Structures are given as structure tokens and as C-alpha cells.
Amino acid sequence: MPPPSRLLVAAKWGTLCLAALVAGLAFVGRPLTAPLSGEVEIARMTWVEVRGAVARGATTVLVPSGGIEQNGIHMVTGKHDRIVGWAARRIAEGLGRTLVAPVISYVPQGAYDPPEGHLRYPGTIGVPDAVFAGTLEGIARSLKGAGFRTIGFLADHGASTGPQREVAERLSREWAPQGVRVVDVSAYYDDAAQLDWLRAAGETMETIGRHAGIQDTSELMAIWPEGVDLDRLAGIGLRAEATGAGGDPSRASAERGRTLIDMRVRAAVAQIEDARGAARAAGR
């Protein structure tokens with residue numbers, strides 16, 4: 001039989017090993033954490049930061065969609081992506097407790113063979129309505145699984161608005177019992193206030209245009225002027241083919257763009273705040 005001193009030493013070592021094992025298990029079971037980040041773009045955050053933001057109340061998320069399409073000879077094909085990405089950040093900051101998913105670049109553009117709409121111009125990339133709708137649904141289901149409770153769809157392209165509305169309404173019905181709402185942020189795309197403001201400034205629908213005209217040219221000039229070159233318009237003279245733009249984009253300006261895009265941001269913030277308020281009133 002070992003001497004008493006050896007028994008005492010062995011007992012102490014056993015106690016120390018047990019304590020170390022318990023401490024180790026406690027450490028292993030502790031969830032990972034990250035410092036509170038001021039970032040709102042999910043793609044610029046780690047998964048731990050996203051989880052921490054949701055846990056601290058950032059349960060609203062925006063899903064912006066843009067588009068790659070022709071925008072005349074004076075503006076880049078990525079106009080929609082640039083504008084909606086910039087606007088989504090401003091909307092998230094205005095709302096608070098809101099994150100932003102990456103911009104969806106590939107959106108409906110019409111038929112392929114023969115090509116219609118913007119697909120008649122090289123550089124336009126489109127997907128079928130069903131593909132876009134499925135992409136929105138998959139993104140929404142992913143975000144719901146991460147703990148987001150209000151999911152806002154934000155389209156900058158007209159052909160995206162129909163599928164966006166259908167998916168938002170369908171998922172909201174499905175998830176209503178769980179208190180999760182998908183918002184078709186239609187106020188963002190509604191340009192009635194913009195048109196009124198431009199007409200009050202002396203413009204007409206002929207000068208404003210419906211595509212790559214004063215509105216979106218001005219917006220891109222305000223947030224990313226490198227994407228616009230109005231000098232190209234002055235040099236075309238009499239042309240044999242359509243440019244793809246409408247109205248008179250030469251009348252666009254960054255100053256106008258700042259006002260126009262601010263209208264859309266404020267309208268989107270108000271709509272989403274209403275949706276969040278309705279959810280709180282319902283006790284969800």
C-alpha cells in the first residue's frame with residue numbers, strides 16, 4: 001500500500017484533472033461571440049457577427065435586387081445593382097436594427113428567342129420569372145432560418161416587381177403563425193412622387209423618359225458618377241439605331257439624383273416601419 005503522502009498527492013492530482021476537465025467542457029460548450037459591429041452588409045460580416053446582431057435585435061433584413069441590362073450609350077449595364085445596393089444601406093441605417101443581403105443581379109428581362117426588351121442589346125442578362133421567384137424564396141427561407149423576423153424585398157427593376165410581390169405574399173401567409181413577415185417594399189419602386197417633382201421643375205414625360213432617362217441617370221450620377229458619361233450623348237448626332245434610352249438623359253444631374261433617390265429611401269423606410277409596427281401590435 002502506498003504511503004499516505006503518495007495517496008494525498010494522487011488525490012490532489014485527481015481533483016485537479018477533474019477540475020480541468022469540467023472547465024474544458026464548459027469552455028467547449030460556450031458559444032462563439034464577436035464584438036458588436038456597425039456593419040449592415042451580411043457579405044461583409046462573419047457568421048458569428050450576423051448571429052450576434054440578430055440576437056441583439058437586428059431581426060429585419062433587406063433583400064435588394066438590381067439587374068444587368070442596357071442603359072443607353074451613356075450609362076453602365078450595372079446601374080440597377082449600384083443604385084439598389086446604395087439605397088439598401090441607407091434604408092437599413094434609417095430603420096435601425098436591420099441588415100442587408102447581397103444584391104441579386106440576375107432578374108427577369110423577357111423572352112430570349114427572339115429576344116425582347118433589353119435582351120435585344122448585348123450585355124443584358126436575364127433569367128425566367130420562375131427562376132427569380134425561386135431565388136427570392138430560397139434567400140427568404142435561409143434568412144428566416146437565421147432568425148430574421150421581417151424580410152423586405154427591394155426591387156430596382158420593373159419586371160422584378162411581379163414575382164417579388166407573389167413570393168412575399170405567399171411566404172407571409174405561410175409564416176404568419178410564426179410571426180415572420182415578408183414585405184414587398186413596393187413604395188421603393190413607386191416613382192409617382194419623383195415624376196411629380198420633376199414635372200413641377202418643368203420637365204415633361206417626353207423629357208423624363210421611362211428607361212435610362214432623367215430619373216435613373218441622375219440617381220447613378222449622385223451615388224456613382226463613374227458609371228455615367230453624358231458626353232457620349234452629345235457626340236452621336238443623327239443615328240441609325242436606337243440608343244436604348246428614353247427621354248433626355250442629358251438633362252440629368254447629381255443634384256437631382258440626390259433628391260430623387262432620397263424620396264425612394266424615405267418611402268421604403270416608412271413602409272417597412274409600418275410593417276414592423278403592425279407586427280408588434282399583433283404581439284409578434
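Predicted model, so just to flag it, every value in this text is computed and none were measured. Quick note: residue numbers are just sequence positions, from 1.
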Mind running side-chain contact (heavy atoms from CB on, under 4.5 Å) on Leu233 and Ile73 for me, showing each step along the way?
CA-CA 7 Å; Leu233 296 171; Ile73 65 171; 4.2 Å; yes

For Glu255, I'd like to know if atom CD has over 12 heavy atoms of other residues, nucleotides or ligands within 6.0 Å.
no

Quick check: do Phe148 and Val50 have side-chain heavy atoms less than 4.5 Å from each other?
yes

Is the number of heavy atoms from other residues, nucleotides or ligands under 6.0 Å of Arg170 CZ greater than 12?
yes

So, Gln194 side chain and Gln215 main chain: donor-acceptor pair closer than 3.5 Å or not?
no

Just by distance, no angles: are the side chains of Arg251 and Thr207 close enough, under 3.5 Å, to form a donor-acceptor pair?
no

Can you check salt bridge (Lys or Arg N to Asp or Glu O under 4.0 Å) on Glu273 and Arg276, steps first, answer last?
CA-CA 5 Å; Glu273 283 183 335; Arg276 296 201 302 195; 5.2 Å; no

Nearest heavy-atom approach of Gly110 to Glu116 is CA-OE2, 3.3 Å

Donor-acceptor pair, side chain of Gln271 and main chain of Asp184, under 3.5 angstrom:
yes

Counting only N and O atoms by type, is there a donor-acceptor contact under 3.5 Å from the side chain of Tyr189 to the main-chain atoms of Gly158?
yes

Out of curiosity, Glu219 CD to Met263 CE, how far, rounded to the nearest 0.5 Å?
10.0 Å

Would you say the side chain of Leu99 lies within less than 4.5 Å of the side chain of Met45, judging by non-hydrogen atoms?
yes

If every non-hydrogen atom of Pro64 is compared with every non-hydrogen atom of Val84, which pair is closest and at what distance?
CB-CG2, 3.8 Å

Validation row: Thr135, Val127 side chains within 4.5 angstrom (heavy atoms)
no

Residues Ile68, His80; criterion side-chain contact (heavy atoms from CB on, under 4.5 Å); working and verdict
CA-CA 7 Å; Ile68 304 298; His80 281 308; over 6 Å; no

In the structure I gave you, are the side-chain heavy atoms of Arg149 and Val180 within less than 4.5 Å of one another anywhere?
yes

Please answer whether the main-chain N or O of Val182 pairs with a side-chain N or O of Ser172 as donor and acceptor at a distance below 3.5 Å.
yes

Main-chain N/O of Gly96 paired with Thr98 side-chain donor or acceptor, under 3.5 Å
yes

Mind checking whether Pro128 and Tyr112 have side chains closer than 4.5 Å, heavy atoms only?
yes

Keeping the roles fixed (side chain from Tyr121, backbone from Gly72), state whether a donor-acceptor pair exists under 3.5 Å.
no

With a sphere of 6.0 Å drawn around CZ of Arg199, does it hold more than 12 non-hydrogen atoms of other residues, nucleotides or ligands?
yes

How far apart are the closest heavy atoms of Ser65 and Ser160, and which atoms are they?
OG-CB, 4.3 Å

Would you sort out whether Phe132 and Ile104 count as a side-chain contact (heavy atoms from CB on, under 4.5 Å), showing the intermediate values?
CA-CA 9 Å; Phe132 178 64; Ile104 304 170; 4.2 Å; yes

Taking Glu203 first and then Arg256, would you say they form a salt bridge - that is, a charged N and a carboxylate O separated by under 4.0 Å?
yes

Do the side chains of Arg141 and Trp175 get nearer than 4.5 Å, heavy atoms only?
yes

Arg82 NZ/CZ over Trp86 ring centroid, <6.0 Å and within 45° of normal
no

Minimum heavy-atom separation for Thr243 to Gln70, with atom names?
O-OE1, 3.7 Å

When you measure from the side chain of Ser218 to the backbone of Ser253, do you find a donor-acceptor pair of N or O atoms at a distance under 3.5 Å?
yes

For the residue pair Asp81 and Gly67, what are the closest heavy atoms and their distance?
OD1-N, 2.8 Å

Keeping Glu69 on the side-chain end and His118 on the backbone end, is there a donor-acceptor pair under 3.5 Å?
no

Should we say atom OH of Tyr106 is surrounded by more than 12 heavy atoms from elsewhere, each under 6.0 Å from it?
no

Would you name the heavy atoms of Leu220 and Gly227 that are closest together and state the gap between them?
CD2-O, 3.8 Å

Would you say the side chain of Leu32 lies within less than 4.5 Å of the side chain of Arg51, judging by non-hydrogen atoms?
yes

If you measure from CG on Leu198 to CD1 on Ile214, what distance do you get to the nearest 0.5 Å?
6.0 Å

I'd like to know if the side chain of His157 reaches the main chain of Pro108, judged simply by a donor and an acceptor atom lying under 3.5 Å from each other, with no hydrogens or angles considered.
yes

For the residue pair Arg89 and Val40, establish whether any side-chain heavy-atom pair is separated by less than 4.5 Å.
yes

For Glu49 and Thr46, indicate whether the former's side chain and the latter's backbone hold a donor-acceptor pair under 3.5 Å.
yes

